[in-house]
Amino acid sequence: MTTAAENDSSLKGTTLVAAFVDPAYSWPPADGEGKNAIELQAATDLLDDGNDDDDATTDAEREAMEMPEKPACMKKRSFFRCCCSADLDVVSEYEQKRKKAIAARKEYQARKKSKDRARRKLQRLQHVPEGILIYRLDTSNCTIDLISEPSNNTNLETLVKSFVVASSSPSNDPSRRGIDLISVDGTQVTLVACEQRTAIAWLEAMDLMLAGSKRKGMKGFTKKSESGLWAAEDLNQSERDQIENQYLNLAAYSNKLIRAGALPGKSGKGGGAGGIYYSVEFQSDDGEDYEEEALESIAKRRAVIKDSWDFYRMICSLLRDRRKYDEAFRKMQLDPVYAYLNSMTGLNDPGEDGTESVEKEISQKAIEGIEETNKTQLAESLVKKAEAALPSLVEICKALAGSLGMEEVGVGPIKDPQAAIRKAEKKYQGNLYKVTDYCRALVVVKDFPSLLALLELARDSFGPLIRRVKLSTLKADHKALSGGYRDCKINLELKDHICEIQIHLWPMYTVCGVDGFRHYRHCLEYSTDSFVDPYDALEGLDRKTMAELIVMAEEAVADTPLHNLEWYQEKFILDYFAEVGLFMKHGLDQWAELTLRTLVKLRCESPDIGPDHHETYVLNRSLEQVLRKLGKEDEAAIVARDVLRAEELRKIEKETAEKSLWDQFLSAPTSAYEMVADPNKKEREEQERMRKEVKASKKQWRRIRRERFSFLDSVQEDAMK
């Protein structure tokens, strides 16, 4: 195996130090062996500096740092008194001595800091817990060296001590912490890091290292030695060095934040002993000043990347919830009364695709004495009318809830005047009278039969007050609101002001709960309906930004490594799902596969999801794509069968729900002669089928009405008196 000494070690680069797993041991330690105890042992040993006589300040150093005494002429001098030439010489001599003392103090502090850093490095290597090996990567000569002592059970014959890297790639190790390496002489080894983020940062550093020209002419390297996707980037060596510097600075800074518990919502326990040994050093002549100056820029860069990660994760969350809405509506359509509801026509419902426009058919009554151009005054007047109508709306909602036993009821708050102005500008060309939800309430019903009962109860109880019933987003042939949501709206006039009751269906409402409007607003703002796949949001990002986003992804999951993830940890499951997209776009397909397999397994274990759920279906589609990219066609074919089975089950479920008794009477084969003689017969039969389906659905509603909502008969009788 080629050693570091055979290569040119004078080249500038970066030195990375990190903890890896000794193959003779398991990591994390098995239950009962005390992973936290290992970390505590390492941390305690590192903090126990002891006394070092070499650090004692010498007499010569004290003398050099001693500040000179202030001259008498500088101690007491009136404002108008001038110094003589002798005094000026004394003052000049004093200033020179003072500057030398200050410089000596700075030099002493820098030297002391350097000694402390060297001592800490030495102590880290002297107190390495059992089962951990500390390696150093030097990107200037592509070498990896073991810098800690082996453990008691270490296999010395297979131990990697010094290694010149010619190729690196993600390992198939199930921990997702492995790196496959090939040396310049063809030796193949796998190193497994103690932390996920260590493996990711080291692999990125080696990819940049091998793509560069810094190793040109070094013994054992050929053009075939290049690995990874950085080699395909059109960058010169200076640009690669800058990217390497910025990326590794960010990775090291992120690791320090995780270790210090400085991230919001993090415990500070992200990692264990492995994170203690993580360090990055740049081989630069600029010294301490460079490091201190860089810290602020690193923090600013991290803030920008963190915002980008949060936005990308939000897109993943929004599209996940949109799929949940679509799935909820698909299942709701299987309700036997849906065909009847789908045939109904709303009142003053333009039947738009989930949006409203200036052509809205209802509006508030004009207020005399206020010009429409005075937006603020008009909005405030309409808000006052809404406040006057609110008590009446509360009473109506109480009556509806008491009769139907609704899942949830809420009234208000009154819309803010400025919010009303913004809505009018955005949707109604500034017409504030078109805004009809100054005074609003929400009710949540259990299912479609409950919605039909509410509509009937509203008609019979306060029908003359109703100005609009909007059902269009619940129609099968209409689009949902932005983001996938569907509901029903009733507008009624109370005290000369139009109010709004938003009727939500429980299966849709439970997806986001009270945050449903925020989901809708974000989907509308970011046009998420134009995305088929959340990973499309990554298109156009450069490779450096993608790598830095992966650092932020690892920050997000620092408290929960992949092997510790449980099926009920929805927040981390979403984080890992978002990270998969980064892996796929960044060429880390092995780690994408390992992560997806874990997520599929967890979804199958979930009692609320299972193997045929739409979320499992989405994960399997991505897994199939990754497997084909890796050339694992046989495994991809197995996953493809799972995807196809899920699609077939959904199709069968729909066909079974739509099947009704009258279909049996149309099962007789139609002869070719009949089709030629009557070419419109098939279209007429489809219309007849739909008519009979609505009739059968209405019959089902009547049965459910008798069983669950028999009180509606008495309400109807009272309304007719």
Side-chain angles (χ1 to χ4, degrees), residues 318 321-335 337-357 360-362 393 396-397 400-401 404-413 415 423 427 434-459 466-492 498-524 528-529:
L318 293 174
D321 291 340
R322 187 184 74 186
R323 290 193 300 269
K324 288 183 178 180
Y325 282 136
D326 291 343
E327 180 68 8
F329 185 60
R330 183 188 70 82
K331 289 188 174 181
M332 287 163 61
Q333 289 176 283
L334 305 180
D335 193 302
V337 307
Y338 178 72
Y340 174 47
L341 177 69
N342 194 46
S343 70
M344 297 173 66
T345 302
L347 174 65
N348 288 328
D349 184 356
E352 295 161 309
D353 57 353
T355 61
E356 294 180 357
S357 66
K360 186 176 181 180
E361 297 186 25
I362 60 169
L393 184 63
I396 286 176
C397 289
L400 291 174
L404 295 172
M406 295 176 185
E407 300 293 327
E408 193 168 335
V409 179
V411 180
K415 186 180 286 292
K423 181 173 183 177
K427 302 181 82 172
K434 292 289 185 181
V435 179
T436 55
D437 63 344
Y438 293 94
C439 180
R440 58 255 174 109
L442 71 85
V443 296
V444 183
V445 296
K446 182 179 180 181
D447 49 22
F448 280 139
S450 300
L451 173 60
L452 289 171
L454 186 148
L455 293 174
E456 187 174 329
L457 182 62
R459 180 200 65 193
I466 296 176
R467 296 294 175 264
R468 180 177 74 156
V469 177
K470 187 174 182 181
L471 292 166
S472 53
T473 61
L474 292 173
K475 298 296 190 70
D477 57 348
H478 281 69
K479 292 182 180 179
L481 295 166
S482 183
Y485 198 71
R486 298 172 185 265
D487 63 3
C488 170
K489 292 182 177 67
I490 297 179
N491 292 99
L492 57 160
I498 295 180
C499 306
E500 182 173 284
I501 300 177
Q502 301 166 1
I503 306 170
H504 304 276
L505 288 126
W506 183 250
M508 300 284 287
Y509 185 77
T510 53
V511 172
C512 291
V514 293
D515 292 327
F517 179 72
R518 183 170 61 183
H519 167 86
Y520 161 74
R521 188 179 70 245
H522 285 159
C523 289
L524 194 63
T528 58
D529 288 351

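Predicted model, so just to flag it, every value in this text is computed and none were measured. Side chains included, hydrogens not; waters and symmetry mates left out as well; all remaining heavy atoms used.
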Original post:
Are the side chain of R322 and the backbone of T528 linked by a donor-acceptor contact shorter than 3.5 Å?
Top reply: yes

Original post:
Do any N or O atoms from the side chain of N342 and from the backbone of K475 form a donor-acceptor pair under 3.5 angstrom?
Top reply: no

Does the side chain of [X] reach to within under 4.5 Å of the side chain of [Y], using non-hydrogen atoms?
X: L404; Y: V443; value: no
X: M332; Y: R486; value: no
X: L454; Y: C488; value: no
X: I501; Y: I396; value: yes
X: C512; Y: Y520; value: no

**OP:** Take R459 and V469 through the test side chain to side chain contact (heavy atoms under 4.5 Å, CB included) and record every step on the way to the result.
**Re:** CA-CA 10 Å; R459 180 200 65 193; V469 177; over 6 Å; no

**OP:** Can you label the angle between the Y338 ring and the F329 ring as parallel, tilted or perpendicular, going by 30° and 60°?
**Re:** perpendicular

At their closest point, which heavy atom of [X] faces which heavy atom of [Y], and how far apart are they?
X: P507; Y: T510; answer: O-OG1, 3.2 Å
X: A441; Y: C397; answer: CB-SG, 3.5 Å
X: T436; Y: R468; answer: OG1-NH2, 4.5 Å
X: M508; Y: A328; answer: SD-CB, 3.9 Å
X: R440; Y: L393; answer: C-CD2, 3.8 Å
X: G483; Y: H519; answer: O-NE2, 3.0 Å

Measure the [atom1]-[atom2] distance between [X] and [Y] for me, rounded to the nearest 0.5 Å.
X: L457; Y: S450; atom1: CG; atom2: OG; result: 11.5 Å
X: Y340; Y: D335; atom1: OH; atom2: CG; result: 13.5 Å
X: N491; Y: K470; atom1: CG; atom2: NZ; result: 9.5 Å
X: I490; Y: L400; atom1: CD1; atom2: CG; result: 7.5 Å
X: L318; Y: L524; atom1: CG; atom2: CG; result: 11.5 Å
X: E500; Y: I362; atom1: CD; atom2: CD1; result: 8.0 Å

Original post:
Taking D487 as the fixed residue, which of L481, L505, L451 is the one that meets the side-chain contact (heavy atoms from CB on, under 4.5 Å) rule?
Top reply: L481

Tell me if the [atom1] atom of [X] is crowded by more than 12 foreign heavy atoms within 6.0 Å.
X: K324; atom1: NZ; result: yes
X: R521; atom1: CZ; result: yes
X: K331; atom1: NZ; result: no

Subject >> Residue list, ring-ring contact (aromatic ring centres under 6.0 Å, His included) with Y438, at least two apart or on another chain >> reply: H497

Subject >> R330/E327 salt bridge by N-O under 4.0 Å criterion >> reply: yes

Original post:
Can we say K489 and D437 salt-bridge, meaning some charged N sits less than 4.0 Å from an Asp/Glu carboxylate O?
Top reply: no

